[in-house]
Amino acid sequence: AGGASVAMITRGEKQAIALRDGICLDKADRQSISGPVPAASLDQAGSLLQPSARDWIWLTVKQAHLNDAFMDKLKDSGLLAGEASLLALQNGIGHMERLEAAFPGNPLYAAVTTEGALRVNERHVRYTGHGVITFGKWPKGAEKDRNPQKMLLKTLYAAGIEAELSNDMGNRVYEKLLMNAVINPLTAIYGIRNGALAEDGRLKEEMAALHAETEKILLASGMKADSNSWQRLLQVCKQTAENESSMLRDVKAGRTTEIDWINGGISLIARRQGLPSPLNDAVTTAVKSLSMS
Ligand SMILES: NC(=O)C1=CN([C@@H]2O[C@H](COP(=O)(O)OP(=O)(O)OC[C@H]3O[C@@H](n4cnc5c(N)ncnc54)[C@H](OP(=O)(O)O)[C@@H]3O)[C@@H](O)[C@H]2O)C=CC1
Ligand SMILES: CC(C)(CO)C(=O)C(=O)O
């Protein structure tokens, strides 16, 4: 893609074999079937790649997957041995600090995206919404050289992927968190699509209350004030009206949700700031009880 060689790393060998046979990507306008994708399981990654400082490792697992066992496997894989850059695309918060602690020798980048994708099965992905990937060095101001970021940006554009650089990813992560902290738990609790949230008067009041509490906590923690954030939230609901949020999908599939790193993360910040967070606490408990039922 864009002149760069891309390889996919999977959990198990069976998934890698399926990818090596080719993946199918559904787009809104057409179906494109790509050729075989170089792939290996995390255990076998060394047989596929000889990592160098010019490589980028994109981390696209969920927050719950980023546990100590996973970090150890990633270390053992050797993928990060050559000082490759690590780019993390998770929603929520807490992961960057854990990655900083686990991989102090690798350049670390945070990313947020408004792109949407849904895995149908091991070889089949549906593109659910065109968006932008925003990425930048983590922590802020830690970059010695902006050339690697600029090269990646150029490569993404050449591959037809819209992207932008930011030198204030902390703020971008908070802005995305504010959206996810309102839409994800409420759609999961009420079992509705994103668009339905902003169409009902009572639900809109609940959204407004959760938005106000969350915004206050994030502002106290350093997020820049944005007088349009409520309008942007309504806009995201409209733009993704037909989507089931990732949290609703996780609840329906009986998977661990990202609630601990979204609303749970906000409650943690609130405690550090000495602020109350009753609504974030309540939706965290409610979503957890749904995941267990
Ligand atoms: N999908 C989207 O549209 C968007 C997603 N995000 C964020 O991106 C992150 C990923 O989301 P998404 O792609 O939807 O999640 P998925 O659950 O679809 O994909 C996560 C992948 O990680 C793999 N994985 C988990 N553990 C390991 C492991 N130990 N070794 C190798 N592979 C592993 C899973 O494999 P397995 O299949 O075996 O479980 C799975 O294929 C989340 O934080 C999400 O919030 C942000 C914006 C949009
Ligand atoms: C923006 C939103 C709510 C789109 O569905 C999302 O990021 C998610 O579902 O996790």
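Throughout, numbering of the chain's residues begins at 1 and tracks the sequence. Whatever order the structure lists ligands and atoms in, that order sets their numbers, starting from 1.
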**OP:** Report yes if the side chains of M151 and P148 come closer than 4.5 Å at any heavy-atom pair, otherwise no.
**Re:**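 SC-SC contact between M151 and P148 ruled out.
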Original post:
So do the side chains of E175 and K224 get within less than 4.5 Å of each other, counting heavy atoms only?
Top reply: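 No, side chains not in contact.
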Side chain, backbone, both or neither: which applies to [X] and ligand 2 if a contact is any heavy-atom pair less than 4.0 Å apart?
{"X": "N180", "value": "side chain"}
{"X": "N194", "value": "side chain"}
{"X": "M179", "value": "neither"}

**OP:** Answer with yes or no whether K176 contacts ligand 2, where contact means a heavy atom under 4.0 Å from a ligand atom.
**Re:**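 Flag set, K176 near ligand 2.
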**OP:** Would you mind checking which non-hydrogen protein atom is closest to atom 23 (C) of ligand 1, with the distance to 0.1 Å?
**Re:**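 For atom 23 (C) of ligand 1, the nearest protein heavy atom comes out as V61 CG1, 4.0 Å.
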**OP:** Name the closest protein heavy atom to atom 10 (O) of ligand 2, giving the residue it belongs to and the distance to 0.1 Å.
**Re:**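 Checking every protein heavy atom, the shortest distance to atom 10 (O) of ligand 2 gives S246 OG, 2.6 Å.
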With heavy-atom distances below 4.0 Å as the criterion, list the atoms of ligand 2 near [X].
{"X": "I183", "answer": "3 (C)"}
{"X": "N243", "answer": "5 (O)"}
{"X": "N91", "answer": "7 (O), 10 (O)"}
{"X": "S245", "answer": "5 (O), 9 (O)"}
{"X": "N184", "answer": "3 (C), 8 (C), 10 (O)"}

Under 4.0 Å, heavy atoms only, figure out whether ligand 1 is touched by the backbone of [X], its side chain, both or neither.
{"X": "K73", "answer": "neither"}
{"X": "H65", "answer": "side chain"}
{"X": "L89", "answer": "backbone"}
{"X": "R11", "answer": "both"}
{"X": "N91", "answer": "both"}
{"X": "T10", "answer": "backbone"}
{"X": "E258", "answer": "side chain"}

Original post:
Would a search of protein heavy atoms around atom 20 (C) of ligand 1 find one under 4.0 Å away?
Top reply: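 For atom 20 (C) of ligand 1 the answer is yes, since some protein heavy atom falls inside 4.0 Å.
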Subject >> Minimum non-hydrogen distance to atom 12 (P) of ligand 1, winning option of K62, M8, K14 >> reply: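 The nearest heavy atom belongs to K62.
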Original post:
Nearest to atom 10 (C) of ligand 1 by heavy atom, I262, V125, T60: which?
Top reply: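 That would be T60.
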In terms of atom number and element, which parts of ligand 1 are under 4.0 angstrom from non-hydrogen atoms of [X]?
{"X": "E115", "value": "3 (O), 48 (C)"}
{"X": "Q90", "value": "43 (O)"}
{"X": "T113", "value": "47 (C)"}
{"X": "F70", "value": "28 (C), 29 (N), 30 (N)"}

Original post:
Looking only at distance, does K176 have an N or O less than 3.5 Å from an N or O of ligand 1?
Top reply: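 No: no nitrogen or oxygen of K176 is under 3.5 Å from one in ligand 1.
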Original post:
Taking both backbone and side-chain atoms of G116, is any N or O found less than 3.5 Å from an N or O belonging to ligand 1?
Top reply: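 No; the residue has no nitrogen or oxygen that sits under 3.5 Å from a nitrogen or oxygen of the ligand.
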**OP:** Would you please classify the geometry between the W56 ring and the F135 ring as parallel, tilted or perpendicular, with 30° and 60° separating the classes?
**Re:**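 Judged by the thresholds at 30° and 60°, the geometry between F135 and W56 is perpendicular.
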Original post:
Could K238 and E199 be called an ion pair, given the rule that one side-chain N must be under 4.0 Å from one carboxylate O?
Top reply: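 Looking at K238 and E199, the cut-off is not met.
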**OP:** May I ask you to decide whether E13 forms a salt bridge with R20, counting only side-chain N to carboxylate O separations under 4.0 Å?
**Re:**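 Answer for the salt bridge query: yes.
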**OP:** Indicate whether any N or O donor in one side chain lies under 3.5 Å from an N or O acceptor in the other, for T284 and N263.
**Re:**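 Per modelled atom types, T284 and N263 side chains form no pair under 3.5 Å.
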